[in-house]
Number of protein chains: 2
Amino acid sequence: MAKTRAEMMQETRGKLLASARAAFASHGYAATSMDDLTAAAGLTRGALYHNFGDKKGLLAAVVDQIDAEMADRARDIGAGAGSLWDGLLAEGAAYIEMALDPEVQRIVLLDGPAVLGDPSRWPSQNRCLDATRAAVTALRAKGLLREVDIEAVSHLLNGAALNAALWVAASDDPLATLPKAQEAFRLMAEGLLAQPQFQA
Amino acid sequence: MAKTRAEMMQETRGKLLASARAAFASHGYAATSMDDLTAAAGLTRGALYHNFGDKKGLLAAVVDQIDAEMADRARDIGAGAGSLWDGLLAEGAAYIEMALDPEVQRIVLLDGPAVLGDPSRWPSQNRCLDATRAAVTALRAKGLLREVDIEAVSHLLNGAALNAALWVAASDDPLATLPKAQEAFRLMAEGLLAQPQFQA
DNA sequence: TGTATTGACATACGGCGTGTATGTTAATAA
DNA sequence: TTATTAACATACACGCCGTATGTCAATACA
């Protein structure tokens, strides 16, 4: 069966995204040229500009893709936990672990915010924050928390996990550092939510 | 009195740093050209490459300068507090507030890590982290904490403050959001350090 | 004091990369 | 079957970084 035109386009988009992910992760956004990128995918810059507008558009698409995968994974892990509390803590631990991936670290955590500008204004890179917010919101809706500024708490927890992840990735022995970071994060999250102001 | 040569050089370095701070903060690192930068300072690119090596070197110098100012300010605020506990919390609040400054936000928090690479490997942008680490270390030395993984806690607190700062800066009404972020951060830090594992 | 030398900075040049304008070809529609 | 659109390739113009070279004043030295 001959492929339809829309299918072909999806295929080229996929090739470009895959090539961009590899290139951005290994050399960084600024140091990768569109020529090399597209050549590695067996295409030219014409396809790229036609599909993604410009270089920033391509990065935005890549960030969005990775962010979606992270959110999916975090949600599965959170849903597999016994309680909402455990789910929130497990998501945080998973987030720290996922940031060990160079693609996540370099593209989503470093280049993404710098190139795309203020993260909170962009639709991408917000799904993980949305997951944290949803977890905190659920806790409050269940009556397990009260008077929580959900936004503030979400951003604090996300930032803590993010920086912990960067620390882990930069450490001499990431695999040994990871559990320390996850344990400290768990203590932090529990300590915050155990504050008398929040307890129902 | 005629200025000596070293004084002249310090003066040009200062001019270039000041011009770079303004340009990087307003347009971002990538969108700033060395020609415009130096022309605004009444100089040419020759002076820049002679003094800072390359564009990254200039950014590193700017980040270092701002970071030093932040650390000084945080240290003053921390030293003015009554206790070590209050000092640590006050430094965190001050950090969140300082990140409202576009120079801090854009240059130190966004472009710095992306362009200069892994923050923990760079001497700059670590003084604020050093301050947090020093505060936690002091608490432990005083016998007020035990069995704290100082590194993990420092990175968690720093990351939380950083992300909170970005959230505040991006909010519709930063001045109204700031106290919420600071309050939530205080609760988080207190909650973490109040964990039974840490209490002496 | 006169000269040599160094160093701070300016100028000139080459190369690379982005973005756009134009061209080409294959698929859909009439 | 033909006209049109859209996906993609090719060609060009512009800007910017980094380096190589040049210039001139300040210091060192005799």
Side-chain angles (χ1 to χ4, degrees), chain A residues 1-63 107 111-112 114-117, chain B residues 1-63 107 111-112 114-117:
Chain A
M1 148 186 185
K3 285 168 191 159
T4 178
R5 201 136 95 155
E7 287 171 347
M8 289 292 293
M9 188 165 175
Q10 279 304 108
E11 193 176 324
T12 61
R13 280 182 65 96
K15 280 194 219 167
L16 290 173
L17 283 175
S19 182
R21 278 179 71 146
F24 288 163
S26 55
H27 312 118
Y29 172 82
T32 47
S33 80
M34 312 281 267
D35 281 319
D36 300 347
L37 224 179
T38 51
L43 296 164
T44 67
R45 294 211 329 265
L48 208 158
Y49 281 94
H50 184 75
N51 281 282
F52 298 99
D54 61 351
K55 195 179 181 184
K56 283 170 70 173
L58 176 62
L59 177 62
V62 172
V63 169
I107 301 176
D111 283 334
V115 174
L116 303 177
Chain B
M1 151 183 186
K3 287 168 190 159
T4 177
R5 200 135 94 154
E7 288 171 347
M8 288 293 293
M9 188 166 173
Q10 279 304 109
E11 193 176 323
T12 61
R13 278 182 66 95
K15 280 193 219 167
L16 289 173
L17 282 174
S19 183
R21 278 179 69 146
F24 288 162
S26 56
H27 311 118
Y29 173 82
T32 316
S33 83
M34 313 281 267
D35 281 318
D36 300 346
L37 224 182
T38 50
L43 296 164
T44 67
R45 293 211 329 266
L48 209 157
Y49 281 94
H50 185 74
N51 281 282
F52 298 99
D54 61 351
K55 196 180 181 184
K56 284 171 70 173
L58 176 63
L59 177 63
V62 171
V63 169
I107 301 176
D111 283 334
V115 175
L116 302 178

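Proteins come first, then strands; the chains are lettered A, B, ... in the order of their sequence lines, and each starts at number 1.
- To the nearest angstrom, C1' of C/dA12 lies 10 Å from CZ of B/Arg45.
- Among the nucleotides D/dC17, C/dA10, D/dA9, the one closest to any side-chain atom of A/Thr44 is D/dA9.
- Looking at the side chain of A/Asp54, the nearest of the listed nucleotides C/dT18, C/dG19, D/dC17 is C/dG19.
- Rounded to whole angstrom, the span from the NZ atom of B/Lys55 across to the P atom of D/dG15 amounts to 16 Å.
- When rounded to the nearest whole Å, the span between CG of A/Asp35 and P of C/dG15 equals 17 Å.
- B/Asp35 meets the side-chain contact (heavy atoms from CB on, under 4.5 Å) test with B/Ser33, B/Arg45; sequence neighbours excluded.
- Summarising the geometry, the separation between CG on A/Leu37 and C1' on C/dC16 is reported as 16 Å, rounded to the nearest angstrom.
- Here the C1' atom of nucleotide C/dT18 and the CG atom of A/Leu48 are 11 Å apart, to the nearest Å.
- Regarding contacts with the backbone of D/dA7, every side-chain N or O of A/Asn51 stays at 4.0 angstrom or more from both OP1 and OP2.
- Atom-to-atom, NZ of A/Lys15 to P of D/dC8 comes out at 9 Å; the value is rounded to the nearest Å.
- Between the P atom of C/dT24 and the CG atom of A/Leu43 lies a distance of 20 Å, rounded to the nearest Å.
- Rounded to a whole Å, the NZ atom of B/Lys56 is 9 Å from the P atom of D/dG18.
- The side-chain heavy atoms of A/Leu59 and A/Leu116, taken from C-beta on, include a pair separated by under 4.5 Å.
- For the pair A/Phe52/A/Leu16, a side-chain contact is recorded, criterion being any heavy-atom separation below 4.5 Å from C-beta on.
- Close to D/dA7, at under 4.0 Å from its OP1 or OP2, lies no side-chain N or O of A/Thr12.
- When distances run from any side-chain atom of A/Tyr49 to the nucleotides C/dC9, D/dC8, C/dT18, the shortest one goes to C/dT18.
- Between A/Thr32 and A/Ala23, the shortest heavy-atom distance links the atoms CG2-O, 3.3 Å.
- In the set C/dT20, D/dC17, D/dC8, the nucleotide with an atom closest to the side chain of B/Met34 is D/dC17.
- Residue A/Thr38 is classed as having no contact, given no heavy-atom separation below 4.0 Å to the nucleic acid.
- Residue B/His50 places at least one side-chain N or O under 4.0 Å from the OP1 or OP2 atom of C/dA8.
- Using a distance-only test at 3.5 Å, with no hydrogens or angles considered, no donor-acceptor pair links the side chain of A/Ser19 to the main chain of A/Thr38.
- When the nucleotides C/dA10, D/dC8, C/dG19 are ranked by their closest atom to the side chain of B/Ala47, C/dA10 comes out on top.
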